[in-house]
*Asks:* 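Quick one: structure below, then a few questions.
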There are 2 protein chains.
Amino acid sequence: VDEFDLIATYFSKTSQRNDIVRSVGDDCAVLTPPPGKDLVVTMDALVEGSHFSATTQPFDIGYKALAVSLSDIAAMGGEPAWVLLGLTLPEVDKTWLDAFSNGFYSLIDRFNLALVGGNIAKGPLTITTQVQGFVTKNAFLTRGGAQPGDFIYVTGNLGDGGLAWSVLQQQLHADLFSASEQDLLARALWRPMPKVTEGQTLVGLASAAIDISDGLAADLGHVLDASGVGATVFIDQLPMSSLLRRLPKTEAAKLALSAGDDYELCFTIPSDNVAEMLSRCQSSQSQLSCIGQIEATKGLRLLSENGPIELDKKGYQHF
Amino acid sequence: VDEFDLIATYFSKTSQRNDIVRSVGDDCAVLTPPPGKDLVVTMDALVEGSHFSATTQPFDIGYKALAVSLSDIAAMGGEPAWVLLGLTLPEVDKTWLDAFSNGFYSLIDRFNLALVGGNIAKGPLTITTQVQGFVTKNAFLTRGGAQPGDFIYVTGNLGDGGLAWSVLQQQLHADLFSASEQDLLARALWRPMPKVTEGQTLVGLASAAIDISDGLAADLGHVLDASGVGATVFIDQLPMSSLLRRLPKTEAAKLALSAGDDYELCFTIPSDNVAEMLSRCQSSQSQLSCIGQIEATKGLRLLSENGPIELDKKGYQHF
């Protein structure tokens, strides 16, 4: 078994795209960017021991490795197109590779992407994904455009990924959830659907956007820093699943604010654009929640029905 | 110390390029491809324990991580432009990061590239580089165009990288080389200069090209497979340094054929184009050696002055 056999067997599915001049199998892929568009590019890594464990399903690892990069493309309002995969494997396990490849290609197919190249090496299990997409020139979302008075929205629910970590890895509150509910939580953690459609819909309407990977407080904090503004977030407005609401209120809020692994979008939008945004998003049946407002005074303030609250941990710490 | 501090401190040098709309610091970089060109993209990884050891200098790791990807761009005749860096670190060591960053940026600066994004995560030391470059449409080098009668050339010397591994890691033949000669070998191993200029010069002249990373025999084998042809290589024509020639002839030839880690280009060229190629390459003072010829009969045949020889190992095995 060598690198080239593995690529041919697991990572060479043909694509329907017509912008690929050369794909897997030469020193580089050759790709034709659409005329007049800019490229959006991102890279992420999942590392065994940090982002998943030896018991994580290989299908889920393959799915999520690509989902986290697509979520970055979504946060810019981009249209994802081409993918490179860097795979470091301790050994060649064909059952693992088959399931991993199926998970990876499930999102490739879902978004009409193409895996055009990458690298396989021997080493501790690590998956690096690099995704490229397109944006119309000067029409993309950044972290830097939030203005005082803008409303703050998030897509979907927050905290289920963090809840899943607690329940499934640490067995906290495990008695609160049936086996099928634990399966639902695992799904939230391992199979997040990147908000690619929503991100594209927001271009021209939202003033700033980010995807929630490190936790709402930390990621919204990046938007505030980049925009030079502050915000108040209303804890009671945070969208939470019925499963997360079973936890004591403070614990649930903490997961929703700080746990990360949500892969929802957080965006800011001028009040004049809200009606148009809601109308556009209605057709895609996206769940949207207004959770607060941008203010000129820097810093992130958290307000519950009982008054201001303090946050003791700002988000996922990488080191 | 968090991921964002590390990026700001070590990986945010400004660039002179004018095709970068957004660089490090948002969910994605935003880049403007040159009108009418195609993109060439590649990704490679260096893993501690597989590609370097705990004693390898961090400057060298940073340099080589980028050099190997640039070598892929060179093999396609591309002009490298944008770089993403995926770094998995067991811990934050500022001295290490400073030296690593200097090695990485030395090639960024040398080729007028820009580091536009990437990822830092906690985990076993692994460096993933992704490089994008440009080629004129339908004017790039592939592995697939070699024709019977074409001559086979290589740039530079072969086998010094493999000799360095043997001498420095395994202490084989170490008594044959002084300390300063061992430094020269280390330099060949850790600081290969990617043949970017040579690759671009060969576009329109060479019929096929590849960079030599797994060893001449293996990499030329890829060209032969992709082109549906065979070849004879004359062992006595393989370009070797005076240091490598100190080894017994068979051992030296084996390193030149199979050790890999050369990052020279191997290319095939129709006889009608040889004079023009030599003329163009003379101005760039590139060392070029004709080592054999493409034939219709498939397979790679090795010929020494004493007759045919067999090769017992075809190149670097990834697993």
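Model, not experiment: these values are computed from the prediction. Residue numbering restarts at 1 for every chain, and letters A, B, ... go by the order of the sequence lines.
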*Asks:* Is the side chain of B/S50 donor-acceptor paired with the backbone N or O of A/K122 at a distance under 3.5 Å, no angle test?
*Replies:*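 It does hold such a pair.
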*Asks:* Who wins among B/L85, B/T32, B/D19 for the most heavy-atom pairs under 4.5 Å with chain A?
*Replies:*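 Highest number of heavy-atom pairs under 4.5 Å: B/T32.
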*Asks:* Report the distance from atom CE of B/M76 to atom CG of A/D26, rounding to the nearest 0.5 Å.
*Replies:*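 With rounding to 0.5 Å, CE (B/M76) is 4.5 Å from CG (A/D26).
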*Asks:* Could you check which of A/L141, A/V30, A/V21, A/V135 has the highest count of heavy-atom pairs closer than 4.5 Å to chain B?
*Replies:*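 Of the options given, most contacts go to A/V30.
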*Asks:* Please look at A/V41 and chain B and tell me whether the side chain, the backbone, both or neither of the residue comes under 4.5 angstrom of a heavy atom of that chain.
*Replies:*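 Contact with chain B is through both the backbone and side chain of A/V41.
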*Asks:* Quick check on the interface: out of A/T88, A/I210, A/V223, who has the most heavy-atom pairs with chain B under 4.5 Å?
*Replies:*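 It is A/I210.
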*Asks:* To the nearest 0.5 angstrom, please state how far the CG atom of A/L31 sits from the NZ atom of B/K37.
*Replies:*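 It comes to 15.5 Å.
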*Asks:* Using the ring pair (Phe, Tyr, Trp, His ring centres under 6.0 Å) criterion, which residues pair with B/F134? Sequence neighbours excluded.
*Replies:*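 Testing B/F134 for ring pair (Phe, Tyr, Trp, His ring centres under 6.0 Å), a comparison that skips the adjacent residues, returns B/W82.
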*Asks:* Nearest 0.5 Å, what's the CD1-OG1 distance between A/I127 and B/T128?
*Replies:*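 One finds 11.0 Å between CD1 of A/I127 and OG1 of B/T128.
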*Asks:* Sort out for me which of A/A226, A/G117, A/A45, A/P35 touches chain B most, counting heavy-atom pairs under 4.5 Å.
*Replies:*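 Looking at each of A/A226, A/G117, A/A45, A/P35 in turn, A/A45 comes out on top.
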*Asks:* For A/A209, which atoms come within 4.5 Å of any heavy atom of chain B: side chain, backbone, both, or neither?
*Replies:*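 A/A209 touches chain B through backbone heavy atoms alone.
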*Asks:* Under the rule for ring pair (Phe, Tyr, Trp, His ring centres under 6.0 Å), what residues qualify as partners of A/Y263, not counting sequence neighbours?
*Replies:*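 Partners of A/Y263 by the ring pair (Phe, Tyr, Trp, His ring centres under 6.0 Å) criterion come out as none, since no residue qualifies.
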*Asks:* Checking side chain to side chain contact (heavy atoms under 4.5 Å, CB included) against B/N119, which of A/D44, A/T42, A/D72 comes through?
*Replies:*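 Of all the options given, the one that passes is A/D44.
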*Asks:* Looking only at heavy atoms and a cut-off of under 4.5 Å, which of A/D38, A/V116, A/V47 has the most pairs with chain B?
*Replies:*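 Max contact count across the listed options: A/D38.
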*Asks:* Using heavy-atom distances under 4.5 Å, tell me whether A/E48 contacts chain B through its side chain, its backbone, both, or neither.
*Replies:*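 Looking at A/E48, nothing touches chain B.
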*Asks:* Using 0.5 Å steps for rounding, measure from the CG atom of A/D27 to the OG atom of B/S213.
*Replies:*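 The distance works out to 7.5 Å.
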*Asks:* Between B/P124, B/A29, B/G25, who has the most heavy-atom pairs with chain A when the cutoff is under 4.5 Å?
*Replies:*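 The answer is B/A29.
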